[in-house]
Structure formats: C-alpha cells, structure tokens
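Here's the structure we're looking at; comments come further down.
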Amino acid sequence: MRVLIADVIAVGPGKISLLEAIGEHGSISAAARSMEMSYRRAWLLVQEMNKAMRSPAVVSDHGGETRGGTKLTPEGESIVRLYRQIERTASAACKTDIDALLELLD
C-alpha cells in the first residue's frame, strides 16, 4: 500500500521499513546500513515523510554525551502501527483474490 500526497509517496512499504529500522537502530545511518541503502537516500526518505506529516515521524539529536541519534516520535510510531494494521486487515479481506493472483504467478 502506498499513500500519495500530490505526486509524492508519503507512506509506503519502503518508508515504513525504514522507520522500523530507525526505531531498532537509533540512527538513520545504522538503519540505512541494515537495509543496504545509502545514508543520503534514507535521509531524503525521512525528509519526505516528515514534510508530508503534520508532526515529524523522526527527530534527531545532535552531538552531546549521547553522540546524537535518531528516534521515532509518537506520530512515527503510530504511522508504523497503523500501516501494519491496515496491511493485516487488507490481506485478510482480500485473501481469496490474493490466492487467485498467486496461482497465476510462477
């Protein structure tokens, strides 16, 4: 599932996976590495998501004793939770059609 705002994918499977990786690793760079993605690509995706939202999904701390880091905001956590719930609901509702489609694939 992809949610478009104008011609930009505000939320989609890749962005949700990136948010989950950021939540797990605590940084954009570590999340990007875990997904075999460049830091720049991950950073641009985070910027797109944050711009599309009323409140940012991700915030970064800069330097200090904890050496910075990145975390999901409550809104970011909600986006992930809601997206995954919608996936489960859609999958269950479309099971017969998905099974029929899979029968056509190799």
Side-chain angles (χ1 to χ4, degrees):
M1 175 185 73
R2 288 176 176 79
V3 177
L4 300 173
I5 295 180
D7 60 344
V8 175
I9 299 172
V11 179
K15 289 179 177 176
I16 293 299
S17 293
L18 178 58
L19 288 179
E20 290 170 328
I22 290 169
E24 180 181 339
H25 297 285
S27 80
I28 294 173
S29 59
R33 279 192 302 276
S34 78
M35 297 178 71
E36 298 182 357
M37 176 187 299
S38 73
Y39 170 81
R40 175 151 172 76
R41 176 78 176 132
W43 185 84
L44 289 172
L45 292 172
V46 167
Q47 293 303 310
E48 278 182 355
M49 278 186 285
N50 280 347
K51 185 177 177 185
M53 295 182 63
R54 289 188 180 135
S55 297
V58 174
V59 293
S60 296
D61 295 323
H62 301 285
E65 288 182 24
T66 61
R67 299 184 52 120
T70 304
K71 64 181 180 179
L72 300 184
T73 63
E75 292 82 2
E77 292 171 353
S78 291
I79 288 281
V80 170
R81 182 179 42 75
L82 289 167
Y83 186 91
R84 294 301 186 202
Q85 180 58 48
I86 291 167
E87 278 186 325
R88 288 188 294 276
T89 301
S91 180
C94 298
K95 183 178 180 348
T96 301
D97 292 333
I98 291 170
D99 290 344
L101 177 66
L102 291 174
E103 287 293 321
L104 298 173
L105 302 175
D106 195 16

Verify same cluster id: Ile9, Ile16 (apolar side-chain graph, 4.5 Å): no

Approximate separation, where rounding is to 0.5 Å, of Met35 CE and Ile22 CD1: 9.0 Å

pair Lys51-Val8: side-chain heavy atoms closer than 4.5 Å: no

Value rounded to 0.5 Å, distance of CG in Leu45 from CZ in Arg40: 11.0 Å

Residue pair Arg84 / Glu87, side-chain heavy-atom distance below 4.5 Å: yes

Side chain Thr73, main chain Ala57, donor-acceptor under 3.5 Å: yes

Distance, nearest 0.5 Å, that separates NE2 of His25 from CD of Glu20: 11.0 Å

Hydrophobic cluster identity match, Ile79 and Leu82, side-chain contacts under 4.5 Å: no

CG-CE distance between Leu19 and Met49, expressed to the nearest 0.5 angstrom: 4.0 Å

Nearest-0.5 Å distance, CG of residue Leu101 to OG1 of residue Thr96: 12.5 Å

Reported CH2-to-CE distance for the pair Trp43 and Met37, which is rounded to 0.5 angstrom: 14.5 Å

Side chains of Lys15 and Glu48 in contact at under 4.5 Å (non-hydrogen atoms): yes

Close side-chain approach of Val58 and Leu72, heavy atoms under 4.5 Å: yes

